[in-house]
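Encoded as structure tokens, the structure appears first; notes follow it.
Note that this is a predicted model, so its numbers are computed, not measured.
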Amino acid sequence: MSFPVISVAASNSLMFGIYSNALLYIYGTESKDWKNPSHHLHVFLAGSISGFVQVYFTAPVDLIKVRLQNQTESFKRQAKPGNLQARYHGPVHCAVSIFKAEGIAGLYRGSSALVLRDMPTLGLYFLTYEVLCKWMTNDGETPDSWTMLFAGGCAGTVGWATANPMDVIKSRLQMDGMQGVQYRGIFHCISESIRQEGFRVLCKGLTANSVRAFPVNAVTFLSYEKLLETCR
């Protein structure tokens with residue numbers, strides 16, 4: 001359980017760091033100022049830049065996490081019918097095994113789908129938060145903690161609603177190769193998944209992800225804002 005927790009923490013740190021610096025660069029300021037809010041387009045662009053850049057750092061970690069989470073049996077136990085036989089001892093063994101079998105490209109399996117998922121998703125994610133904060137706060141005032149919590153939670157839910165279809169495809173591409181290659185690429189994976197399971201396949205896990213996203217991202221945004229205030 002420690003690897004997913006650590007990977008999420010590192011990913012969030014990278015995501016918010018890139019977003020903050022991209023927004024400050026685009027807007028031409030040295031620090032965030034609620035009295036002089038950023039233009040909506042600038043927020044969306046900064047979020048999209050964050051989604052693009054972070055993929056090159058997080059794609060291998062995300063691949064390892066997905067493969068470990070999909071091991072339904074312990075490494076030493078024989079898999080039950082219908083379950084996937086465990087192949088990896090842990091994160092390091094998983095990374096080394098993939099690198100030996102497929103090279104560096106193997107560690108970036110599914111990264112194109114990850115880019116297509118994260119660029120628009122993070123753009124809308126940060127835009128939703130900023131729009132709601134401004135909508136719920138008087139002009140020139142800083143949002144209070146409850147506003148940040150609510151806006152952050154809504155941003156997380158909107159983000160996952162946007163990301164879910166491509167997240168399904170991304171996960172299938174990342175798992176592809178463990179028992180033979182089934183998909184030729186993103187569009188082939190999308191067409192085959194829809195052909196076999198219908199359009200509802202793109203909504204798999206949406207309810208659980210959306211419910212989880214609200215409290216997690218509410219706390220994430222509040223922590224982010226309070227840390228910014230502390231570091232100024």
Is the closest side-chain heavy-atom distance between [X] and [Y] below 4.5 Å?
X    : Y    : value
D62  : L114 : yes
F52  : D118 : no
V43  : H40  : no
S48  : L122 : no
M166 : T121 : no
Y224 : M148 : no
L202 : N164 : no
H39  : E130 : no

field: Backbone of D176 reached by a side-chain donor or acceptor of R109 within 3.5 Å
entry: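 Here the side-chain-to-backbone pair exists.
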
What distance separates [X] [atom1] from [Y] [atom2], expressed to the nearest 0.5 Å?
X    : Y    : atom1 : atom2 : value
I64  : S97  : CD1   : OG    : 10.0 Å
R172 : Y183 : CZ    : OH    : 5.0 Å
D167 : W160 : CG    : CH2   : 4.0 Å
S223 : L227 : OG    : CG    : 6.5 Å
F187 : I169 : CZ    : CD1   : 10.5 Å
S112 : K170 : OG    : NZ    : 13.0 Å

Within one Ile-Leu-Val-Met-Phe-Trp-Tyr cluster: [X] and [Y], side-chain cutoff 4.5 Å:
X    : Y    : answer
Y88  : I104 : yes
V216 : M15  : no
M119 : V53  : yes
V168 : V115 : no
F214 : W135 : yes

- prompt: side-chain contact (heavy atoms from CB on, under 4.5 Å) between E102 and Y108: does it pass, once the steps are laid out?
  reply: CA-CA 10 Å; E102 305 175 57; Y108 282 87; over 6 Å; no

- request: Given side chain to side chain donor-acceptor pair (under 3.5 Å), test S111 with Y56 step by step and report yes or no.
  value: CA-CA 8 Å; S111 59; Y56 293 94; over 6 Å; no

message: Check this for me, if you would: do D139 and K134 make a salt bridge, where the nitrogen-to-carboxylate-oxygen distance has to be below 4.0 angstrom?
response: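 Salt bridge: no.
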
Lys/Arg N to Asp/Glu carboxylate O, K204 vs E197, below 4.0 Å: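 Answer for the salt bridge query: yes.
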
Restricting to non-hydrogen atoms, name the atom on [X] and the atom on [Y] that form the minimum distance, rounded to 0.1 Å.
X    : Y    : answer
A113 : I186 : N-CD1, 3.6 Å
L132 : C154 : CD1-CB, 3.4 Å
G152 : Y129 : N-CD1, 3.5 Å
A161 : P165 : O-CD, 3.9 Å
T58  : S11  : CG2-OG, 4.1 Å
C94  : L68  : CB-CD2, 4.3 Å

message: If only side-chain N and O atoms count, and only distance matters, is there a donor-acceptor pair under 3.5 Å linking Q54 with Y19?
response: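 No, Q54 and Y19 have no side-chain donor paired with an acceptor closer than 3.5 Å.
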
message: With no hydrogens and no angle check, just 3.5 Å: does a side-chain donor-acceptor pair link T147 and D144?
response: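 There is such a pair (donor and acceptor under 3.5 Å, judged by atom type) between the side chains of T147 and D144.
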
task: Kindly determine whether F221 and L149 satisfy side-chain contact (heavy atoms from CB on, under 4.5 Å), including the steps that lead there.
output: CA-CA 7 Å; F221 267 105; L149 283 168; over 6 Å; no

field: Verdict with reasoning, V201 to R195, per side-chain contact (heavy atoms from CB on, under 4.5 Å)
entry: CA-CA 10 Å; V201 68; R195 184 182 66 81; over 6 Å; no

message: Checking T142 against T137 for the side-chain contact (heavy atoms from CB on, under 4.5 Å) test, could you report, in this order, the C-alpha distance in whole Å, the side-chain angles of both residues, the deciding distance, and whether it holds?
response: CA-CA 7 Å; T142 300; T137 307; over 6 Å; no

- prompt: For the residue pair F44 and Y125, is the inter-centroid distance of their aromatic rings smaller than 6.0 Å?
  reply: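 No - the distance between ring centres of F44 and Y125 does not fall below the 6.0 Å cut-off.
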
- request: Report yes if the distance between the aromatic ring centroids of F126 and F16 is under 6.0 Å, otherwise no.
  value: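 They qualify: ring centres under 6.0 Å apart.
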
- request: Could you tell me whether Y27 atom OH has more than 12 heavy atoms of other residues or ligands within 6.0 Å of it?
  value: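 Yes - once you tally the heavy atoms of other residues, nucleotides and ligands closer than 6.0 Å, there are more than 12.
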
